[in-house]
Amino acid sequence: MRDKVIVVTGGFGSLGQAVGAHAAALGAKVVLVDIAPSARPFSKTAEAEPFVCMPGVDLQVPDVAASTFASVHAKFGRIDALANVAGGFRWQTVADGDTETWDLLYGMNVRTALNASRAVIPHLKHEEGAIVNVGANGALKAAGGMGAYAASKSGLHRLTEAMAEELKPVGIRVNAVLPSIIDTPVNRADMPDADFSKWVTPHALARVIVFLMSKDADAVTGALLPVVGRV
Ligand SMILES: NC(=O)c1ccc[n+]([C@@H]2O[C@H](COP(=O)([O-])OP(=O)(O)OC[C@H]3O[C@@H](n4cnc5c(N)ncnc54)[C@H](OP(=O)(O)O)[C@@H]3O)[C@@H](O)[C@H]2O)c1
């Protein structure tokens, strides 16, 4: 990853920070893009690394995504890889839920990745560029209350497959990781009685995402890779 320029969407969140920290530790220059207005507190390690933070970027808006990636390319002269980490979750049953939540999750989980990918493709180097999406293992078969979330992440899985096929001729790879429950502060607060040791840590997941971005994974495209810890 040395001297590569990578962009992480949702870069201020739990997983986004871990992806940025791991890529930076391997020598990459990291651009963290997020809708949040200012960077949340970073760990000491992360603060020491070469990060650029771009707050207040709503990737649901195509023009915003296009201008964001154009300015990253103008600053660094290259973009080597994109991790589409931005996304969100809601639990609600179909009977008691609302249609707006389906639109909300489609927007957060599909539109953000679609717009960011479209914006980065013109800047990625042929035969080297890579995109890694963050899908969900829970979208392979939806449990109760997971309809809107699983439908949106299924959409992201199909987007991953379509982009992988479309970009094969130019050697840009597109893959997705499918986590189960990530060991984040939010999940610990929501499920205090769970066995946290079974969950995949952000750092473990980040290592897989950075591997998929790297040249070591140059034979892998179109993969939907479950990364579930021991869940
Ligand atoms: N946590 C889990 O157990 C789990 C399991 C499976 C898959 N995933 C997926 O893994 C990814 C990261 O999860 P996480 O737990 O690290 O989530 P997180 O901490 O909430 O981080 C996601 C980040 O994306 C940002 N974001 C949302 N909409 C955006 C937009 N329109 N433009 C730019 N940024 C936007 C969020 O900002 P705001 O907070 O301001 O909205 C947030 O900072 C998500 O795609 C999630 O669906 C998570």
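Values below: all heavy atoms of this structure, side chains included; hydrogens, waters and symmetry mates excluded. Quick caveat: nothing in here was measured; it's all calculated off a predicted structure. Ligands are counted one by one from 1 in listed order, and the atoms in each one are counted from 1 as well.
At a cut-off of 3.5 Å, with distance as the only test, no side-chain donor of T201 or D183 sits close to an acceptor on the other residue. Side-chain polar atoms of N84 and S117 form a donor-acceptor pair below 3.5 angstrom. No donor-acceptor contact under 3.5 angstrom links the side chains of T112 and Q60, judged on distance only.
Contact annotation: for N187 versus ligand 1, heavy atoms closer than 4.0 Å belong to the side chain alone. Under 4.0 Å from ligand 1, heavy atoms of I182 appear from its side chain as well as its backbone. Residue W199 does not touch ligand 1, judged by heavy-atom distances below 4.0 Å. Of all the heavy atoms of K153, the ones lying under 4.0 Å from any atom of ligand 1 belong exclusively to the side chain. Neither the backbone nor the side chain of P202 comes within 4.0 Å of ligand 1, counting heavy atoms alone.
Using the six-membered ring where Trp is involved, H22 and H203 have ring planes that are perpendicular, over 60° apart on the 30 and 60° scheme.
A salt bridge is defined here as a Lys NZ or Arg NE, NH1 or NH2 lying under 4.0 Å from an Asp or Glu carboxylate O, and R188 with D190 fails to meet this definition.
Of the candidates I35, L178, L15, it is I35 that places a heavy atom closest to atom 28 (N) of ligand 1. One option in S180, P185, A139 has a heavy atom closer to atom 6 (C) of ligand 1 than any other, and that option is S180. Taking all heavy atoms of G88, G87, S152 into account, the minimum distance to atom 27 (C) of ligand 1 is reached by G87. Nearest to atom 15 (O) of ligand 1 by heavy atom, out of L105, N109, T184, is T184.
On a distance-only criterion, T112 and ligand 1 share no N/O pair closer than 3.5 Å.
Shown in contact with I181 at under 4.0 Å from a heavy atom are these atoms of ligand 1, numbered in order with element: 3 (O). Atoms of ligand 1 lying under 4.0 Å from any heavy atom of Q60, numbered from 1 in the order shown and given with element: 31 (N). Atom numbering of ligand 1 starts at 1 in the shown order; those under 4.0 Å from a heavy atom of G135 are 7 (C). Close approach of ligand 1 to G13 is summarised as follows: ligand atoms under 4.0 Å from at least one heavy atom of the residue are 19 (O), 21 (O), 43 (O). Counting the atoms of ligand 1 from 1 in the order shown, those under 4.0 Å from a heavy atom of V85 are 11 (C), 12 (C), 44 (C), 45 (O). Close contacts of ligand 1 with V57, meaning ligand atoms under 4.0 Å from a residue heavy atom, involve 32 (N), 33 (C). Those atoms of ligand 1 with a heavy atom of S14 less than 4.0 angstrom away are 16 (O), 19 (O). Interface atoms of ligand 1 facing V134, defined by a heavy-atom separation under 4.0 Å, are 9 (C), 10 (O), 11 (C).
With sequence neighbours left out, the side-chain contact (heavy atoms from CB on, under 4.5 Å) criterion links V220 to N175, L212, A217, A223.
Checking L167, D80, I131 one by one against L124, the side chain to side chain contact (heavy atoms under 4.5 Å, CB included) holds for a single residue, I131.
Looking only at distances, no side-chain donor or acceptor of T160 sits under 3.5 Å from a matching main-chain atom of A176. Under a 3.5 Å cut-off, the side chain of N109 and the backbone N or O of K153 do not form any donor-acceptor pair.
Side-chain atoms of L32 and V52, non-hydrogen and from C-beta on, never get closer than 4.5 Å to each other.
Taking a 6.0 Å sphere around CZ of F89, one finds it holds more than 12 heavy atoms contributed by other residues, nucleotides or ligands.
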